[in-house]
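What follows is a set of notes on a single structure, which appears directly below.
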There are 2 protein chains.
Amino acid sequence: MGQSIGKRQTREDILEFSVSLFAEFGYDGVSMRDVAAVCGLTPAALYYHFPHKEALYLEVVAHAFREKSAALLNNLKDSDSPWVQLENFITNLAHLAAKDEIFLRLMQWVRLDSEEIRQQKLAVHVFKDLFLAVHALVAKLNSHYDPYMLSMSIISLVFLSSEGRKIRKFMPGYRPEHDQPDVLARHVIDLLRMGLFQHRTSG
Amino acid sequence: MGQSIGKRQTREDILEFSVSLFAEFGYDGVSMRDVAAVCGLTPAALYYHFPHKEALYLEVVAHAFREKSAALLNNLKDSDSPWVQLENFITNLAHLAAKDEIFLRLMQWVRLDSEEIRQQKLAVHVFKDLFLAVHALVAKLNSHYDPYMLSMSIISLVFLSSEGRKIRKFMPGYRPEHDQPDVLARHVIDLLRMGLFQHRTSG
DNA sequence: GTCTATAGTTTGATAGAC
DNA sequence: GTCTATCAAACTATAGAC
């Protein structure tokens, strides 16, 4: 909680202090008092910087997305083969999802926010770059599958495993290593490469 | 909204009236007054049937999930081979996710629940049976993969594709048939069976 | 730019009549 | 089993001093 001491916060300070709060508890789960507390301010001071709670929330989400979306794509090297690029992408995606839980949860909240179509477009804005990168890769890799569905599948395999981390923990067969991004990445890569029946003869 | 007219609701009536409310707006987004309204009752009457809001919510979710997961498990016939059972399960899951948006959104809310104790209760008492069924199935199918991770992957492939339906529509390459549960099921089954490189030689 | 103080609303939950 | 009436707490937001 108490991340701040000095007063005189800028708008951006407030956004960065409160992003983890909204990521954790969602719009309805965070009060202006909560935000004020982590900023070391009173609620009244917040209303100097933002007209109301929803404006603050929208700026928090936009700020976080702008910040993180660039990092998603900088890891692809055209000099590598498509398969190696895909392997690296999956590994990087698993690491991002494991490390940046704030970003991951914020995306979940935006997907669930039923109120505004604008917030859905925020997710599209971020998701589209991600999707396009995978789409271009898999289109080069394999002509049998619909590249659109294949891209969705790859992203689903990495993201939903990461998103469901808290629930997964209570399922039979769970081991701590299942939370390691490298373990997830290797599993997804193996599954994509070989499927289920490649091992029947060799295992 | 106003789905009910007659008074004298049973517990189950209340659960079924309020499930779409919690699915749409989540725990914090629904007040006891809202629930009372769709049941045609006053908030006080609700407290005759349930000690507090959280108990009501937990029963709503548990009720919805018991109903759906029982239907899924009943479609597994031991007379079929494990692979045929898995194919049928994936197809049924895809149809459920496409048809029952309330169930799908409820699952999203549960995954975002910030109260870990609440999540644990739901996971243990509701998800566990479903997960175990998939777990037992894939354990028979293939010994190379960790059955825990493989079960999560299969569920992820079907669910996240369905959850992201509204966002997917804006991605390049989208066609309306991608929303058909049979198309999704066939794609997932093919991917699981053969992986990406089974088709390199056959075209 | 931040404070104290508070208005006005909504919330979860209860008491007691019927 | 449901009602009316209500409480105490928490909430968003505002007014005015400094």
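Per chain, numbering begins at 1; letters A, B, ... match sequence-line order.
Considering A:Asp190, A:Leu191, A:Ile189 as possible partners of A:His187, the one that fulfils the side chain to side chain contact (heavy atoms under 4.5 Å, CB included) test is A:Leu191. Under the side chain to side chain contact (heavy atoms under 4.5 Å, CB included) rule, B:Asn88 has a single partner from B:Asp80, B:Asn75, B:Leu93, which is B:Asp80.
Counting any heavy atom pair closer than 4.0 Å across all strands shown, B:Ser31 reaches sugar-phosphate atoms only and no base atom. Using a 4.0 Å heavy-atom cutoff across all strands shown, B:Val30 reaches sugar-phosphate atoms only and no base atom.
Rounded to whole angstrom, the span from the CG atom of A:Asp34 across to the P atom of D:dA9 amounts to 18 Å. Computed from coordinates, the B:Phe50 CZ to D:dT2 P distance equals 11 Å when rounded to whole Å. The distance between atom CG of A:Leu46 and atom C1' of D:dT14, rounded to the nearest whole Å, is 14 Å.
Taking a 6.0 Å sphere around CD of B:Glu101, one finds it holds 12 or fewer heavy atoms contributed by other residues, nucleotides or ligands.
Dashed line: the shortest gap from a side-chain N or O of B:Tyr48 to OP1 or OP2 of D:dT2 is not under 4.0 Å. A sub-4.0 Å separation between OP1 or OP2 of C:dT14 and a side-chain N or O of B:Tyr47 is absent. In this model, the phosphate group of C:dT14 is not approached by any side-chain N or O of B:His52 to a distance below 4.0 Å at OP1 or OP2. Put simply, B:Thr42 has a side-chain N or O that comes within less than 4.0 Å of OP1 or OP2 on D:dC3.
Closest to the side chain of B:His49, out of C:dC3, D:dT2, C:dA15, is D:dT2. Comparing D:dC3, D:dT12, C:dC3 by their nearest atom to the side chain of B:Ala44 picks out D:dC3.
Comment: B:Glu87 does not engage B:Lys77 in a salt bridge, judged by the lack of any side-chain N to carboxylate O separation of less than 4.0 angstrom.
Judged by closest nucleotide on DNA chain D, B:Ala45 is the one of A:Pro51 and B:Ala45 placed further toward the 5' end.
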